Each structure stands twice: as structure tokens, then as C-alpha cells.
Amino acid sequence: MKSFNERCYEVLMKVPKRRLTTYKEIARAIGTKAYRAVGTAMNKNPYSPKVPCHRVVNSNGEIGGFAFGVDKKIKMLKAEGVFIKNGKIADFEKVFYRFK
DNA sequence: CTAATGACATTTG
DNA sequence: ACAAATGCCATTA
């Protein structure tokens, strides 16, 4: 049986570039309501490039947090073509990736 | 085992 | 609309 964290990484890996997801959505994809714990898992994410932890934001469209600094996170997202407005995602609904 | 902690979310004032 | 309080669940000490 895989650990909670690995499950998070597994689903998060499915998120394509230029797309974003939320902590809650990831939890939902796994089949739990522990979105809080998802954040904890991301913080310790051992698979840095493989798992795009920077593509995870808050449900309200705000950036959220990042282990290496929020500014860094924003930078990376912008580099992928995601526009950010006032520390929030522009057209969040459009780029939001919902798991199936 | 108990307590403390956090990259969250929702409700309330 | 904004800030504070509450609830939440896995992880870690």
C-alpha cells in the first residue's frame, strides 16, 4: 500500500503544463477530504521535477504557499504561460484542471 | 499514544 | 469585501 503522499504525487503528475489544480481537488481525486494533509505532502515533495507541485493553488484562485518561496512559485507558473494577477490566478476557471 | 503543526477551506463577525 | 475563528486530516516529534 502506498503512502498518502505518494498518492498525491501520483495524481498531481497527471496535471499538464499551463494547467493548475487545487489541494482540495487532489484530495478529491484520491478519495479523501484531507486537503490540509495534501499541502503537507507537497511541502515534503521528494520528486521535485517529476511532480509539478508548483501547479497546485488554493481553491479561491490564490497562489497558496511554496517551500522555496511564493515568489518562486509565481515565477515558474508565469514561465509556463500562466498569467497571474495581484497574487492570484488570472482566468482561474479556464486553467483549472479537474481530475476524472 | 498524545500533542503539535501546516504549501487549506468554510463560516462568521 | 476583509479578518478572525473553526474545522480538518495526515505527518512528525
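Computed from a predicted model, the values in this text were never measured in an experiment.
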So what does [X] hit on the nucleic acid, given a heavy-atom distance under 4.0 Å: a base, only sugar-phosphate, or nothing?
X       : answer
A:Ser59 : sugar-phosphate
A:Ala34 : sugar-phosphate
A:Tyr23 : base

How close or far is atom [atom2] of [N] from atom [atom1] of [X], stated in whole angstroms?
X       : N      : atom1 : atom2 : value
A:Arg36 : B:dA4  : CZ    : P     : 15 Å
A:Asn60 : B:dT11 : CG    : P     : 13 Å
A:Ile89 : B:dA7  : CD1   : C1'   : 14 Å
A:Lys33 : B:dT10 : NZ    : P     : 14 Å
A:Ile30 : B:dC8  : CD1   : P     : 16 Å

Mind listing the closest non-hydrogen atom pair of A:Ala27 and A:Val38 along with its distance?
CB-CG2, 3.9 Å
Of all nucleotides in DNA chain C that come within under 4.0 Å of a heavy atom of chain A, which is furthest toward the 5' end and which toward the 3' end?
C:dG7 to C:dT12
Is a side-chain N or O of [X] found less than 3.5 angstrom from the main chain of [Y], in a donor-acceptor match?
X       : Y       : result
A:Glu25 : A:Phe99 : yes
A:Lys73 : A:Val56 : yes
A:Asn60 : A:Glu62 : yes

Measuring from atom OG1 of A:Thr32 to atom CZ of A:Phe4, what distance do you get when rounded to the nearest 0.5 angstrom?
5.5 Å
